[in-house]
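Computed over heavy atoms, backbone and side chain alike; hydrogens, waters and symmetry mates excluded. When a residue number appears, it is its place in the shown sequence, counting from 1.
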Amino acid sequence: NSDEPVDRIENQASISWWLIFICMRQVGLVVVAKSFEAILVDFLAIQTRAILRSFGPVITLLFVQSKGWPFLLSCWGILNFLLVTGDSQFNQHWLYWQNVWGLFNADNPAGDVTNTLWFKRICAVASALGFAVAAKRVVVGLYLGRQTFANYSDNPAGDV
């Protein structure tokens, strides 16, 4: 096993491994990403001042503007980098240490899927795209907010 990513899958993963990978592991990571969104965005950024005090208004605004699919996509990509990419036993089978169910350990061939270059690129693009959309939302919001302020600041009462 080398840490170098492979360009194409040389060892094929079994169908049962693919089903576990897509239907359990990836869905589980989306659920974890949604939980992180509820904690970081909905609670810490909106309900409390914790992120505002710790990181300032721009980062807080970035968290708030990333709410929804941009946060989920970025968080999903980062979680995949942390928990799935690579060729270690854990990356291929999260329950590699147990011998009770062969479906969840090395008895079920995983191939090179978690160490392929294309999978790492998908995770990188997902993380970057979510961050880029959140940053765009912040920039557009600040720009439009300044335009609105400049347009209506001379006439605060709304008199025409």
Quiz item: Short question: side chain of Q65, backbone of A135 - any donor-acceptor pair under 3.5 Å?
Solution: no
Self-check item: Heavy-atom pair of closest approach, residues T85 and F81
Solution: OG1-O, 3.0 Å
Exercise. Identify the heavy atoms of A33 and L72 that sit nearest to each other, and give their distance.
Key: C-CD2, 3.7 Å
Quiz item: Is the backbone N or O of L44 less than 3.5 Å from a side-chain atom of R49, with the two atoms forming a donor-acceptor pair by type?
Solution: no
Quiz item: Are V31 and I22 connected in the hydrophobic side-chain network, where two residues link if heavy atoms are under 4.5 Å apart?
Solution: no
Quiz item: L61 and L142: side-chain contact (heavy atoms from CB on, under 4.5 Å), yes or no, with the steps?
Solution: CA-CA 10 Å; L61 189 57; L142 291 174; 4.1 Å; yes
Quiz item: Passes side-chain contact (heavy atoms from CB on, under 4.5 Å), F55 versus L62? Steps please.
Solution: CA-CA 11 Å; F55 300 108; L62 184 67; over 6 Å; no
Quiz item: Do F43 and V32 belong to the same hydrophobic cluster, where Ile, Leu, Val, Met, Phe, Trp and Tyr are linked whenever their side-chain heavy atoms lie under 4.5 Å apart, directly or via other members?
Solution: yes
Quiz item: How many angstroms lie between atom NZ of K34 and atom SG of C75, to the nearest 0.5 angstrom?
Solution: 11.0 Å
Quiz item: Among N115, N80, T114, which residue meets the side-chain hydrogen bond (donor to acceptor under 3.5 Å, both in side chains) test with K120?
Solution: N115
Quiz item: What do the steps show when you test L79 against F36 for side-chain contact (heavy atoms from CB on, under 4.5 Å), and what is the final call?
Solution: CA-CA 11 Å; L79 286 170; F36 282 171; 3.9 Å; yes
Quiz item: Near F131 CZ, under 6.0 Å, is it more than 12 heavy atoms from other residues, nucleotides or ligands?
Solution: no
Quiz item: Does I59 share a hydrophobic cluster with V133, counting links as ILVMFWY side-chain heavy atoms below 4.5 Å and allowing steps through other members?
Solution: no
Quiz prompt | Parallel, tilted or perpendicular: ring planes of W18 versus F21, cut at 30 and 60 degrees | solution = perpendicular
Quiz prompt | Enclosure of I15 CD1 (heavy-atom neighbours >12, cutoff 6.0 Å) | solution = no
Quiz item: Quick check: does any side chain N or O of S74 sit under 3.5 Å from a backbone N or O of S127, one acting as donor and the other as acceptor?
Solution: yes
Practice problem: Identify the residue among V138, V140, V139 that makes a side-chain contact (heavy atoms from CB on, under 4.5 Å) with K136. | Solution: V140
Self-check item: Close side-chain approach of P70 and R137, heavy atoms under 4.5 Å
Solution: yes
Practice problem: Working to the nearest 0.5 Å, report the span between CG of D42 and CD of Q47. | Solution: 7.5 Å
Exercise. Identify the two heavy atoms, one from A45 and one from T60, that lie closest to each other, and give their separation to 0.1 Å.
Key: O-CG2, 4.0 Å
Quiz prompt | Hydrophobic cluster identity match, L19 and V27, side-chain contacts under 4.5 Å | solution = no
Quiz item: Honestly curious: do I39 and I46 fall in one hydrophobic cluster under the side-chain, below-4.5 Å linking rule?
Solution: yes
Self-check item: F71 side chain reached by K67 side chain, heavy atoms, under 4.5 Å
Solution: no
Quiz item: Can you name the nearest heavy-atom pair linking L29 to L83, along with the distance?
Solution: CD2-CD1, 3.8 Å
